[in-house]
2 protein chains.
Amino acid sequence: MQLMTEGSAAGGGLRERKKRATRAALTEAAVRLAAEHGAERVTVEAISAAAGVSVRTFFNYFDTRDDVFVLTGAETGANVRKALLAAPARLSPMEALREALTAELAEAEQRHELWRLHGEVLRAAPHLLVRVLAAHLADETELAEAVAERIGPGRGAAPPGTSHEERRKALDLYPRVLAAVAVTAVRVSVDHWCARQEERSFREVFQEVFALLAAGLPAPPPA
Amino acid sequence: MQLMTEGSAAGGGLRERKKRATRAALTEAAVRLAAEHGAERVTVEAISAAAGVSVRTFFNYFDTRDDVFVLTGAETGANVRKALLAAPARLSPMEALREALTAELAEAEQRHELWRLHGEVLRAAPHLLVRVLAAHLADETELAEAVAERIGPGRGAAPPGTSHEERRKALDLYPRVLAAVAVTAVRVSVDHWCARQEERSFREVFQEVFALLAAGLPAPPPA
DNA sequence: TCATAAGTTGCATGGTATGCAAACATGCAC
DNA sequence: GTGCATGTTTGCATACCATGCAACTTATGA
């Protein structure tokens, strides 16, 4: 059995490898061109040409021009979900979320240069940043389902002293809120990390924001 | 001095009233057409025709076709900011945020039918929902600034036992996180409220989600 | 009333996005 | 390897989205 040293993960047939290569070529071309000329001045035609495919093919891979700048595949969601379910049972849902997300983000940070360029592009194009964040938002429901699956049925959280009725309603809300907090942590981290130009590692910022959020948001000290 | 019974708020000259009327006509036409035919099948031309203006004028009001479905004006941000700063000093930043947002959302709930239709449209068009969320995201920074202004300089929150250095860094983070939580509360509330079709009033849901978020997200009970 | 500023419109232009059918490559069975 | 079924790419036609510009219409304030 030979090592598969292909693209991002182990590759199936030639077809799938080619598809991954094309997609990677498109995203990379897009990010490089955008970093050089500004995201808004890069046309689909230019991206396609740089990647060596036709414009029509571009739209076979991405629904929208902007989608090429999102950079997170559909696999990301699945990865996080798996990591979440595989995390040690002793971890609280929140901790498990933190670990799962940290792992995924670390992997994303692997492709260092592209990630850096991508940061530059987003910093110069708020429109796209918003789009990326919104894409993450879309994952939230999936994440909430994974959380619900992890904590299992019959569980749920509600502040002490909640009535039975309110408790029942909060049940469905809990995974949602957890997922929302996690996504918010990612969002604020990215935002803050982009604002302070890499003054700190992304991982650091993320851990801090997550801690702040999960700690229960204490009121600021009196003075 | 006569009462101004115009559009949404007191109107200045005839010009401004006309502008507001045109904008309102466009958004209303857009939402109604989208509710009837599906959001993706409504062209700018159709919307403009229904509102009685030219296509070119549409783009004088909205940068993008999709923007007409966002429904929150730039005034919303300003309103919340004002309410936040005007809230009683005894309220914690979090409570002040809750009150300010509740007030603004209540006003939005006034135009009941349009709001309901809008919900329908968004439910059927995830693409647009994402866009709306993105718009809210953009407000977040503004909100964070308002929070920072309210809690004033020299304040900030950090968990007890934080080093001086970490505390300094957390300072800027705190308003951001607060704003992020508030926006998240709005988002989750809208989402949940849309999912359970008006089983409960929006205000109720919002209050609960906000409480859940602000309470510090206790871990789910053991059993 | 008149000059000015603001808003609207049509036109020209170019980028974005989709359906369709023909050409091409891949996977698989034989 | 030959040949077929399936999946991908491509060009073309078409429609919609979006912007700049110049001409035209309408409020505003002196």
Side-chain angles (χ1 to χ4, degrees), chain A residues 4 6-7 10-27 29-30 33-34 37-70 73-74 121 125-128 130-131 134-135, chain B residues 2 4 6-7 10-27 29-30 33-34 37-70 73-74 125-128 130-131 134-135:
Chain A
M4 315 228 192
E6 210 44 61
L14 174 57
R15 253 176 192 167
E16 292 189 27
R17 263 180 295 155
K18 269 197 167 181
K19 280 195 77 166
R20 267 206 300 273
T22 300
R23 171 175 277 263
L26 282 170
T27 56
L33 286 172
H37 303 111
E40 300 307 313
R41 294 182 194 180
V42 178
T43 69
V44 172
E45 191 174 354
I47 298 169
S48 308
V53 298
S54 74
V55 171
R56 192 63 186 81
T57 295
F58 177 97
F59 286 107
N60 284 339
Y61 282 86
F62 302 97
D63 283 345
T64 293
R65 185 198 89 113
D66 291 350
D67 283 351
V68 78
F69 293 108
V70 168
V121 171
H127 170 26
L128 286 181
V130 164
R131 186 144 190 124
Chain B
Q2 217 172 350
M4 316 228 189
E6 208 44 59
L14 174 56
R15 253 178 190 161
E16 290 190 27
R17 264 180 293 155
K18 269 196 168 182
K19 279 194 77 167
R20 269 206 300 273
T22 301
R23 172 175 276 263
L26 282 170
T27 57
L33 287 172
H37 303 111
E40 300 308 312
R41 294 182 193 179
V42 178
T43 70
V44 172
E45 190 175 355
I47 297 170
S48 308
V53 297
S54 75
V55 171
R56 193 61 187 77
T57 295
F58 178 96
F59 286 107
N60 284 339
Y61 282 87
F62 303 98
D63 284 344
T64 293
R65 186 199 88 114
D66 291 351
D67 283 351
V68 78
F69 293 108
V70 168
H127 170 20
L128 286 181
V130 164
R131 187 129 192 137

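Each chain gets a letter, A, B and so on, in the order the sequences are listed, and its residues count up from 1. When reading the values below, keep in mind they use all heavy atoms of this one structure, side chains included, and skip hydrogens, waters and symmetry mates.
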Mind listing the N/O atom pairs, protein and nucleotides 15-19 of chain C, below 3.5 Å?
from: C:dT16; atom 1: OP2; to: A:Val44; atom 2: N; distance (Å): 3.1
from: C:dA17; atom 1: OP2; to: A:Arg65; atom 2: N; distance (Å): 2.5
from: C:dG19; atom 1: N7; to: A:Arg56; atom 2: NH2; distance (Å): 2.9
from: C:dG19; atom 1: O6; to: A:Arg56; atom 2: NE; distance (Å): 2.7

| query | For B:Glu16 and D:dG29, what is the distance between atoms CD and P respectively, to the nearest whole Å? | reply | 10 Å
| Looking at residues at least two apart in the chain, or sitting in another chain, which of them share a side-chain contact (heavy atoms from CB on, under 4.5 Å) with A:Ala21? | none
| task | Whole angstrom is fine here: how far is it from NZ in B:Lys19 over to P in D:dT26? | result | 18 Å
| note | Taken to the nearest whole Å, NZ/A:Lys18 to P/C:dG27 is 9 Å
| Does the ring of A:Phe58 carry A:Arg65 above it, NZ/CZ under 6.0 angstrom from centre and within 45° of its axis? | no
| Can you check the A:Glu40 CD to D:dC17 C1' distance for me, whole Å? | 14 Å
| query | Pairs in or reaching into residues 48-59 of chain A: which pass side-chain hydrogen bond (donor to acceptor under 3.5 Å, both in side chains), with residues at least two apart or in two chains? | reply | A:Ser54-A:Thr57, A:Arg56-A:Asn60
| remark: Taken in chain and number order and not counting sequence neighbours, the residues that satisfy side-chain contact (heavy atoms from CB on, under 4.5 Å) with A:Ala49 are none
| field | Per B:Ser54 side chain, nearest of listed nucleotides C:dG10, D:dT10, C:dA6 | value | C:dG10
| request: Please name all residues satisfying side-chain contact (heavy atoms from CB on, under 4.5 Å) with B:Ala39, sequence neighbours left out, ordered by chain then number. | output: B:Ala34, B:Val121, B:Ala125, B:Leu128
| field | Phosphate contact (C:dT9 OP1 or OP2) by B:Thr57 side-chain N/O below 4.0 Å | value | yes
| task | Find which nucleotide of DNA chain C each of B:Val53 and B:Arg15 is nearest to by heavy atoms, and output the residue with the more 5' nucleotide. | result | B:Arg15
| query | Starting at CG of A:Asn60 and ending at C1' of C:dC24, how long is that distance when rounded to a whole Å? | reply | 14 Å
| query | To the nearest Å, how far apart are A:Arg17 CZ and C:dT26 P? | reply | 10 Å
| request: Kindly point out which of D:dT26, C:dT8, D:dT8 is positioned nearest to the side chain of A:Tyr61? | output: D:dT8
| request: Report the residues that fulfil side chain to side chain donor-acceptor pair (under 3.5 Å) with A:His127, sequence neighbours left out, ordered by chain and then residue number. | output: A:Asp66
